[in-house]
Amino acid sequence: MTLEEKLQILADSAKYDASCSSSGSKRTGQMGCAAVSGICHSFASDGRCISLLKILLTNICIFDCKYCLNRKSNNIKRAIFTPEEICEITLNFYRRNYIEGLFLSSGIVKSADYTMNLLIETIYSLRNKYHFSGYIHAKAIPGASPYLVKKLGSLVDRMSANVELATENGLKLLAPNKNSQSVQKIMAYVKENKTKNFVPAGQSTQMIIGASKESDLDILTKSSYLYDNYQLKRVFYSAYIAVNQDKLLPNLKIPPLVRENRLYQADWLLRFYNFKVADILSWQKPNFNLLLDPKCEYALNHLELFPKEINTCSYNDLLKIPGIGVTSAKRIYASRKMFALSFKDLPKMGVVLKRAQYFITCQGKYFQDRSFYRRDYLEHNLVLLENAKETRKVEQLSLF
Amino acid sequence: MKKVNNVYLYDGSFLNLLSLIKVLLKENIIPQNIKIQGYEENLFSSNINLEIEDDEKIIPNIIHNLGSRIFNGIYYIYLSNNDDKELLIYYFLLYSIKYKDKVFVLRKIEEVNKGLKVIKYVGNENHKMKGFLRFKELKNNVLYAEFAPTNNVLPLLVNHFKKRLKNERWLIYDQKRNIWAYYDLKEVYFWDGLDINIKIDNISDDEEKMVHLWQTFYDTIGIKERKNDRCRQNFMPKKYWKYITEVENI
Ligand code: SF4
């Protein structure tokens with residue numbers, strides 16, 4: 001098998017992992033450096049950022065997770081890279097500025113420890129034989145011995161283990177060889193040992209969206225639990241793509257991308273906007289409205305808290321207003337100390353006025369007659385606005 | 001401050017521009033515009049060449065009085081492709097004197113807001129180029145890249161590659177402005193107008209294989225069920241594709 005064929009197979013099997021970020025590390029050395037803010041080197045045909053050489057070490061696997069292309073029961077071409085091959089490609093791509101570094105994951109060959117050793121051997125060689133100091137994100141294999149987790153963690157910038165499904169029931173059904181304990185054991189280990197020499201860019205994880213019956217509430221509750229307990233940098237959400245036919249799996253023609261997007265938006269609200277899961281989802285309404293982003297939905301459900309006065313409300317309140325992001329909230333907060341702000345100043349601060357205008361006053365004034373401040377009217381306008389801007393979403397929505 | 005209908009001329013260099021602005025500010029003049037010498041006079045204004053003594057201390061003075069953040073800001077504007085960049089720098093300095101670093105939140109003032117947007121635009125393009133620049137390996141092991149950025153980001157970009165490729169010799173060519181930057185493992189040197197011919201047979205033997213592997217990776221990594229051209233183009237504007245190996249032939 002040629003190197004090119006291997007690369008084709010092992011990139012193809014790795015592509016479903018959503019994580020590609022290269023941020024959060026300041027490593028420097030002889031060959032390369034990691035930029036704190038992360039750098040995108042290209043964008044794939046699906047519009048996702050390419051920052052790292054994202055590959056599996058091998059797609060051979062002893063497990064049989066239902067949703068996975070590499071599961072044991074699939075009759076597909078299998079390949080395995082040698083450590084030298086991975087080093088050669090990584091270094092040559094890096095020098096030419098194709099990539100920021102390596103994302104190395106793997107199917108489980110023989111055992112968790114055996115696979116971990118292969119990963120370690122490869123990355124050890126990159127770091128110590130070739131003095132590579134670019135970014136490396138490695139997957140830790142659940143179930144591997146702690147001393148191997150420690151060894152791998154001391155070589156990489158980021159280490160992660162994928163949760164995959166938000167509930168134990170989901171895992172039992174679709175990934176019978178896995179359990180959430182082994183993943184969380186790795187997370188706990190990383191959290192306790194994180195230093196500037198051990199997983200300096202922190203850990204992340206991923207959940208698959210739409211392969212099992214979990215609601216958005218299940219998923220977001222899990223994320224929130226992980227952020228709080230393991231100091232995760234990111235949770236990634238990956239719309240399920242029907243790679244396998246199985247009676248246990250939904251037969252999706254099109255991946256649930258709108259739902260995935262809503263989860264990312266909500267995840268953002270948890271991390272940067274001081275929202276709690278209970279602010280945006282409930283047992284009565286466990287799934288997001290596909291027609292509206294979670295922040296608009298929140299505001300519509302809490303009209304009694306709005307409109308907020310731009311010139312006097314707290315920073316935390318600014319963050320709660322649809323159409324105002326963290327950057328624009330900061331700008332407003334700094335500017336209004338010098339001048340009173342009016343509607344026409346807000347676009348200069350980066351505010352999306354078309355959305356924000358419904359939920360704010362400027363120097364006491366609402367942008368239109370107050371009698372329009374009613375849920376039905378606002379909802380109608382916001383839904384139109386949201387869906388005019390993304391025709392792609394509308395196409396998908398019409399399928400539901 | 002008095003507004004005059006004059007266009008003031010400078011020689012195109014950053015230092016000369018700053019010296020000129022310093023004189024204008026001292027004499028309380030708000031110019032109609034500031035342009036490079038050779039600018040054609042129009043009906044509504046007259047061109048003025050002020051006598052300025054080049055003051056070598058001007059940059060240290062600005063950094064000392066206003067701080068490096070403001071200095072970097074105006075340097076970014078200077079590197080931009082904005083038609084009125086000189087005037088934007090003038091206003092940025094004018095308001096910086098009064099507001100110091102607070103000028104960065106002075107978006108309510110239109111001229112400052114424009115300047116801030118330009119600073120962000122140049123910074124963004126510089127950041128994008130850190131990712132989009134593509135090197136080829138030449139036979140003598142030098143890494144060579146060509147690009148044509150909208151703003152003149154090469155002077156900023158070299159700082160990044162000095163760290164990233166510090167043990168490699170490299171050469172970057174801005175095709176639009178005909179400027180070269182060469183790094184010899186210690187320093188970066190700039191030339192403009194130079195005629196260097198990189199011939200095809202100077203490219204190393206490995207190059208084709210690596211480009212091929214990269215193309216394979218690129219074509220594989222996109223998920224076809226998620227295909228989204230518009231999103232790709234938003235992040236990676238078409239104007240850069242000519243220089244980006246994996247998409248130049250799409
Ligand atoms: S362990 Fe990983 S590679 Fe193996 S089948 Fe499960 S998800 Fe796929």
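It should be emphasised that the depicted structure is a prediction, and the values quoted were computed from it without experimental measurement. Because only heavy atoms are used, hydrogens play no part in the values below, and waters and symmetry mates are left out as well, while side chains stay in. Naming convention: chains lettered A, B, ... in sequence-line order (proteins, then strands); numbering from 1 in each chain.
- In summary, of the residues considered (A:Met338, A:Lys337, A:Arg331), a side chain to side chain contact (heavy atoms under 4.5 Å, CB included) with B:Val105 occurs for A:Met338 alone.
- With contacts defined as side-chain heavy-atom distances shorter than 4.5 Å, the pair B:Arg226/A:Lys15 does not qualify.
- Here B:Lys108 contributes atom NZ and A:Leu341 contributes atom CG; the two are 6.0 Å apart, rounded to the nearest 0.5 Å.
- Here the side chains of A:Glu4 and B:Lys209 are not in contact, with every heavy-atom distance at 4.5 Å or above.
- The candidate from A:Ala34, A:Ser45, A:Ala242, A:Ala239 with the greatest count of non-hydrogen atom pairs under 4.5 Å with chain B is A:Ser45.
- Under the 4.5 Å side-chain criterion, counting only non-hydrogen atoms from C-beta, B:Phe217 is in contact with A:Ile50.
- At least one side-chain heavy atom of A:Ile39 sits less than 4.5 Å from a side-chain heavy atom of B:His127.
- B:Phe132 and A:Phe43 have perpendicular rings, their planes meeting at more than 60° on a 0 to 90° scale where under 30° would count as parallel.
- Relative to the six-membered ring of A:Tyr94, B:Arg164 meets both conditions, a distance below 6.0 Å and an angle of at most 45° to the axis.
- Of the atoms belonging to B:Val247, not a single heavy atom falls under 4.5 Å from chain A.
- Taking all atoms of both residues into account, the shortest heavy-atom contact from A:Gly47 to B:Phe235 is O-CD1, 3.7 Å.
- No donor-acceptor pair closer than 3.5 Å links the side chain of B:Thr220 to the backbone N or O of A:Asp12.
- In this structure, B:Asn167 and A:His131 have side chains that are not in contact, with every pair of non-hydrogen atoms separated by 4.5 Å or more.
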